[in-house]
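Here is the structure we will look at.
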Amino acid sequence: MGGKTEQGALTEGVYLILISMLVPRHGYAVMQNIEALTGGRVVLGAGTLYGAINNLLEREWICAVKHNPESRKKEYVITQIGKEVLQSELLRLEELVKIGRQEGLGAENEN
């Protein structure tokens, strides 16, 4: 990977925003989806969300969907570049979980 897909670890918020945009969603729907996915543990404010959206648009990880002119809500969806970034992050997280379990962490470990 190179260019627009280069990144370090994603923040939890960015990861969840990208997951939420696997289908077209407007900002408020993204906030609701993240809250639902995390059982209310993660609640993004509008400022945080729209700051992230602007950053993701600049990186071309998401794009605006042509919307219905009768609606004022702008929808966004993940791009192919964004999917590659998301897949890379998923692999990184899976590796971290695997290492933790190999080293004895997990639900079966009682101390």
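Here, residue 1 is the first one in the sequence, and each next residue gets the next number. No experiment lies behind these values; they were computed from the predicted model shown.
The shortest side-chain heavy-atom distance between L16 and L44 does not fall under the 4.5 Å cut-off.
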Kindly list each side-chain donor-acceptor pair under 3.5 angstrom involving residues 49-57, sequence neighbours excluded, with atom names and distances?
{"from": "N54", "atom 1": "ND2", "to": "Y50", "atom 2": "O", "distance (Å)": "3.3"}
{"from": "N55", "atom 1": "OD1", "to": "R59", "atom 2": "NE", "distance (Å)": "3.1"}

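Sorted by first and then second residue, the side chain to side chain donor-acceptor pair (under 3.5 Å) pairs involving residues 38-48 (not counting sequence neighbours) are E12-R41. The salt bridge (Lys or Arg N to Asp or Glu O under 4.0 Å) pairs that include a residue from residues 23-37 number zero, where partners must be two or more places apart or lie in different chains. Annotation: salt bridge (Lys or Arg N to Asp or Glu O under 4.0 Å) contacts involving residues 45-54, sequence neighbours excluded, are absent.
Listed by chain and number, the hydrophobic cluster partners of I99 come to none, as no ILVMFWY side chain reaches under 4.5 Å of it. Chaining together hydrophobic side chains whose heavy atoms lie under 4.5 Å apart places V77 alongside V65.
Under a hydrophobic clustering in which Ile, Leu, Val, Met, Phe, Trp and Tyr are joined whenever their side-chain heavy atoms come within less than 4.5 Å, directly or via other members, V43 and L18 fall into different clusters. Side-chain heavy atoms closer than 4.5 Å link hydrophobic residues (I, L, V, M, F, W, Y) into clusters, and following such links, even through other members, never connects V23 to I17. I62 and L22 fall within the same hydrophobic cluster, defined by Ile, Leu, Val, Met, Phe, Trp and Tyr side-chain heavy atoms under 4.5 Å apart, directly or through other members.
Using modelled atom types, no side-chain atom of T79 and backbone atom of C63 make a donor-acceptor pair closer than 3.5 Å.
When every heavy atom of A64 is checked against every heavy atom of K74, the shortest pair comes out as CB-CE, 3.9 Å. For the pair M21 and V30, the tightest heavy-atom approach, listed with the atom from each and the gap, is CE-CG2, 3.8 Å.
S20 meets the side-chain hydrogen bond (donor to acceptor under 3.5 Å, both in side chains) test with N33; sequence neighbours excluded. For Q87, the side chain to side chain contact (heavy atoms under 4.5 Å, CB included) partners at least two apart in sequence or on another chain are L90, L91. Residues meeting the salt bridge (charged side-chain N to carboxylate O under 4.0 Å, His left out) test with E89, sequence neighbours left out: R92.
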For a side chain to side chain contact (heavy atoms under 4.5 Å, CB included) check, start with the C-alpha distance between L86 and Y15, then their side-chain angles and the critical distance, and finish with the verdict.
CA-CA 7 Å; L86 194 55; Y15 181 82; 3.6 Å; yes
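Around CD of E95, the count of heavy atoms belonging to other residues, nucleotides or ligands within 6.0 Å does not exceed 12.
To the nearest 0.5 Å, atom CZ of residue R101 and atom CD of residue E103 are 13.5 Å apart.
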